[in-house]
4 protein chains.
Amino acid sequence: MSKIADKRAAILSAALDIFAENGFHGSPTSLISEKAGVGTGTIYRYFQSKDDLIRELHLELDGKLQAAIFADYREEVPLRQRFDNLYENLLRYFIDNPRECRFLEQFYNSPYGIAKRRARKENPGEKEACFARLFDEARQRQAFKDLPEEMLVSLSIGPMLYAVRDHLAGLVAIEDRMVPLIVEACWDAVARRD
Amino acid sequence: MSKIADKRAAILSAALDIFAENGFHGSPTSLISEKAGVGTGTIYRYFQSKDDLIRELHLELDGKLQAAIFADYREEVPLRQRFDNLYENLLRYFIDNPRECRFLEQFYNSPYGIAKRRARKENPGEKEACFARLFDEARQRQAFKDLPEEMLVSLSIGPMLYAVRDHLAGLVAIEDRMVPLIVEACWDAVARRD
Amino acid sequence: MSKIADKRAAILSAALDIFAENGFHGSPTSLISEKAGVGTGTIYRYFQSKDDLIRELHLELDGKLQAAIFADYREEVPLRQRFDNLYENLLRYFIDNPRECRFLEQFYNSPYGIAKRRARKENPGEKEACFARLFDEARQRQAFKDLPEEMLVSLSIGPMLYAVRDHLAGLVAIEDRMVPLIVEACWDAVARRD
Amino acid sequence: MSKIADKRAAILSAALDIFAENGFHGSPTSLISEKAGVGTGTIYRYFQSKDDLIRELHLELDGKLQAAIFADYREEVPLRQRFDNLYENLLRYFIDNPRECRFLEQFYNSPYGIAKRRARKENPGEKEACFARLFDEARQRQAFKDLPEEMLVSLSIGPMLYAVRDHLAGLVAIEDRMVPLIVEACWDAVARRD
DNA sequence: AATGAATGAGTTTTCATTCAT
DNA sequence: GATGAATGAAAACTCATTCAT
């Protein structure tokens with residue numbers, strides 16, 4: 001790891017801490033540079049602006065998140081098993097990485113994130129495609145409710161993300177035994193009842 | 001409607017517009033007063049500070065939201081009917097009032113809102129109690145999954161709020177025919193499968 | 001006393017209280033009108049501006065002060081007796097009227113007061129003339145130090161005003177037995193030593 | 001002198017000028033920064049707030065003042081000589097440094113200064129102790145009037161400070177030959193008459 | 001390349017004054 | 001005459017960004 005990468009990484013890590021704690025607007029760049037152990041000007045050698053730093057941080061975290069979710073993904077296993085695998089990975093990643101979760105939550109609720117998601121919808125990546133295939137297959141098998149694919153994604157991910165949000169806010173406690181039940185809730189939300 | 005209520009209402013409405021659009025921090029009070037058609041100082045005749053304005057706006061909207069949800073609520077109808085009634089009202093309110101939805105989403109994700117929700121958990125109001133009774137009854141009848149009440153609330157409300165969030169972001173379109181299906185998704189997320 | 005005089009007097013009294021407590025700049029006119037029990041606009045029916053209110057209040061208090069000092073003044077008694085009489089009256093007035101003292105102290109240290117005193121020097125009133133005669137007589141009799149009259153006034157009044165200032169600030173306590181000693185200090189400051 | 005000291009000193013000097021002229025409340029920070037030739041934000045790099053700037057400026061000036069007063073002080077010379085030395089130094093310092101005098105006058109009449117003086121009374125520094133010893137010694141020798149030490153300080157300093165105040169206001173002119181007479185007035189104010 | 005002092009536009013808030021009622 | 005709601009200019013202070021070193 002080069003010196004350059006070190007500084008960049010230090011800035012991103014400090015930014016993550018502080019954004020997760022105080023939000024984008026409650027986080028002066030001076031605080032970030034201080035926590036990162038670099039000069040205030042140094043941020044601007046690695047990032048064009050604070051906004052750019054936020055977007056780059058998102059890219060970084062989004063990559064890690066996808067890697068975590070798809071770490072042990074296998075297309076060939078049965079549908080339900082694939083679903084459970086993805087959602088459990090997602091849930092565990094957020095529980096284990098609260099800073100990342102808070103940042104991403106914030107990001108996707110901000111103008112930055114809304115634009116990003118719109119762009120991604122137009123131009124989906126490999127992982128999104130994988131997700132889409134899963135939901136498409138389920139729909140074709142009549143396993144899911146008769147709703148558009150994007151709606152099914154929202155509905156199935158909602159239970160988990162709300163549970164995590166309240167867990168991180170200290171309003172509920174997700175214990176280990178609850179993990180499968182939460183994943184089940186995600187499936188049940190979109191599964192067709194017989 | 002008196003003159004006094006007019007100004008206050010104009011400020012609250014302008015603030016709602018602008019907060020929903022730009023977030024709390026992206027909304028200078030000068031923009032709010034301009035949009036409300038009042039002087040910059042006038043905001044401070046009705047609200048002690050910008051923070052106070054945010055909190056008062058929340059109170060206002062929270063009251064309206066609760067009124068909308070419980071508009072036609074009847075304790076005596078069957079459990080599932082009560083559930084469907086509440087969740088459909090909630091969904092329709094947010095679809096019909098996107099500014100309110102965005103504001104509340106933001107509020108409950110901010111330090112203000114997290115504190116508020118903690119306080120409410122300690123000291124629940126009448127409506128919360130009503131909600132709690134519903135979930136308690138369902139659990140006693142073994143209708144819901146074996147999870148703490150708060151977790152069930154998070155899980156059941158998540159599908160809808162995520163669907164609405166994406167709808168308001170323009171990523172999916174909630175059509176009228178989907179409303180019962182979304183409500184069903186909320187129920188299914190927490191219902192016990194036989 | 002007419003209604004009109006009542007309101008005016010109420011405003012002046014409230015202003016005195018608040019100026020003495022908080023200083024000119026720490027005293028919003030709204031606070032003054034509230035304490036006076038009148039509308040915020042009413043002040044501007046009796047006074048052209050806040051500055052004007054301050055100047056008028058000064059005039060009022062200055063009149064009262066002079067009346068108090070000269071209440072029992074008699075030109076025909078011996079010099080020293082006249083001096084003691086004036087200075088004791090002054091000291092007692094300030095001890096008994098701390099608000100007035102604080103206001104006047106402030107006033108004479110402000111741009112308003114400095115201009116006022118310059119004007120008065122150019123164009124002395126009856127009481128100033130009386131004072132001047134006293135000091136003039138003393139100098140002619142070689143009773144006072146060889147200094148200009150105004151300087152003698154400053155030197156002789158300084159001990160008392162500093163003692164009162166510190167008394168009102170709570171740093172020293174002027175007890176009754178000290179009054180003659182303080183007056184004596186004023187005399188001694190300017191008296192020629194033999 | 002480093003660059004950093006330059007800016008700080010420029011701000012303090014500009015602030016002194018403007019405070020002395022217009023008072024604390026009549027001196028916007030924007031005026032200070034403009035006069036100092038720095039940006040508006042720069043003040044806040046060196047001082048936490050305007051209040052802090054005022055307090056720091058006081059500390060600076062108070063230090064200089066004490067240094068000037070005690071520049072050639074010697075404990076071993078006779079009492080009267082020590083007194084004359086201190087008071088003449090004080091007088092000359094104020095005549096030579098009118099801005100400093102006006103600032104300090106204002107400061108000690110403001111809430112800042114009153115608190116400061118109370119604190120100093122509780123917890124006197126080295127110079128105050130020196131002053132106290134002088135007055136104590138004088139009282140034990142029956143040289144001074146039978147009054148508490150603090151009162152003697154007020155009475156003895158009053159003549160000079162009033163004379164200086166009126167001198168700086170342009171109402172009297174202190175000429176060089178008057179200096180010993182003014183110092184004598186200070187002594188006479190508190191000295192016991194035989 | 002890295003720094004961090006300096007900047008000034010932009011933000012919240014106050015308050016003397018006005019004017020419609 | 002009296003009111004007090006409304007005003008907006010002006011104040012203190014913040015912080016993303018620049019640039020000389």
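By convention in this document, chain letters (A, B, ...) are assigned in the order of the sequence lines, proteins followed by strands, and residues within each chain are numbered from 1.
Across the interface with DNA chain F, nearest-nucleotide mapping of A:Y44 and B:V38 shows B:V38 to be the residue nearer the 5′ end. Between A:G39 and B:S27, the residue whose closest nucleotide on DNA chain E is further toward the 5' end is A:G39. Residues D:D51 and A:D51 both approach DNA chain F. Their nearest nucleotides, taken by heavy-atom distance, put D:D51 toward the 5′ side.
A:F24 and A:Y112 have their aromatic ring centers within a separation under 6.0 angstrom.
Distances were taken from every side-chain heavy atom of C:P28 (C-beta onward) to each of E:dT3, E:dC15, F:dT18; the shortest belongs to E:dC15. The side chain of B:T29 sits closest to E:dT12 out of F:dA12, E:dA16, E:dT12. Checking F:dG4, F:dT17, E:dT17 against every side-chain atom of A:K50, the shortest atom distance belongs to F:dT17.
If you check distances only, the side chain of B:T40 does reach the base of F:dA9 with a donor-acceptor pair under 3.5 Å.
Nucleotide F:dT21: paired with E:dA2 (Watson-Crick or G-U wobble, both distances less than 3.5 Å). With both pairing distances under 3.5 Å, E:dT7 is matched to F:dA16 as a Watson-Crick or G-U wobble pair.
The CD atom of D:E34 sits 15 Å away from the C1' atom of E:dT7 (whole-angstrom rounding). Atom CD1 in A:I54 sits roughly 9 Å away from atom P in F:dA16 (whole-Å rounding). Between D:Q48 atom CD and F:dC15 atom C1' the separation is 16 Å, expressed in whole Å. When rounded to the nearest whole Å, the span between CG of A:L53 and P of F:dC15 equals 16 Å. The CZ atom of B:F24 sits 17 Å away from the C1' atom of E:dT11 (whole-angstrom rounding). Whole-Å rounding puts the D:I32 CD1 to F:dC13 C1' distance at 13 Å. Following rounding to the nearest Å, C:N22 (CG) and E:dA16 (P) show an atom-to-atom distance of 12 Å. Between the P atom of E:dT13 and the CZ atom of B:R45 lies a distance of 16 Å, rounded to the nearest Å.
Within 6.0 Å of NZ in D:K116 there are 12 or fewer heavy atoms belonging to other residues, nucleotides or ligands.
When the side-chain nitrogen and oxygen atoms of B:Y46 are compared with OP1 and OP2 of F:dA6, one or more of them lie within a distance under 4.0 Å. Between A:K7 and E:dT3 there is a side-chain N or O to OP1 or OP2 distance below 4.0 Å. Between D:T42 and E:dA6 there is no side-chain polar atom (N or O) within less than 4.0 angstrom of OP1 or OP2.
Between the side chain of C:Q106 and the backbone N or O of C:A20, no donor-acceptor pair lies under 3.5 Å.
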Check step by step if salt bridge (Lys or Arg N to Asp or Glu O under 4.0 Å) holds for A:D62 and A:R55.
-> CA-CA 10 Å; A:D62 207 56; A:R55 270 186 291 266; over 6 Å; no

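B:S33 comes within 4.0 angstrom of nothing in the nucleic acid, heavy atoms only.
A:H58 is listed as a side-chain neighbour of A:Y108, based on a closest heavy-atom distance under 4.5 Å.
With salt bridges taken as basic N to acidic carboxylate O contacts below 4.0 Å, none links D:E21 and D:R102.
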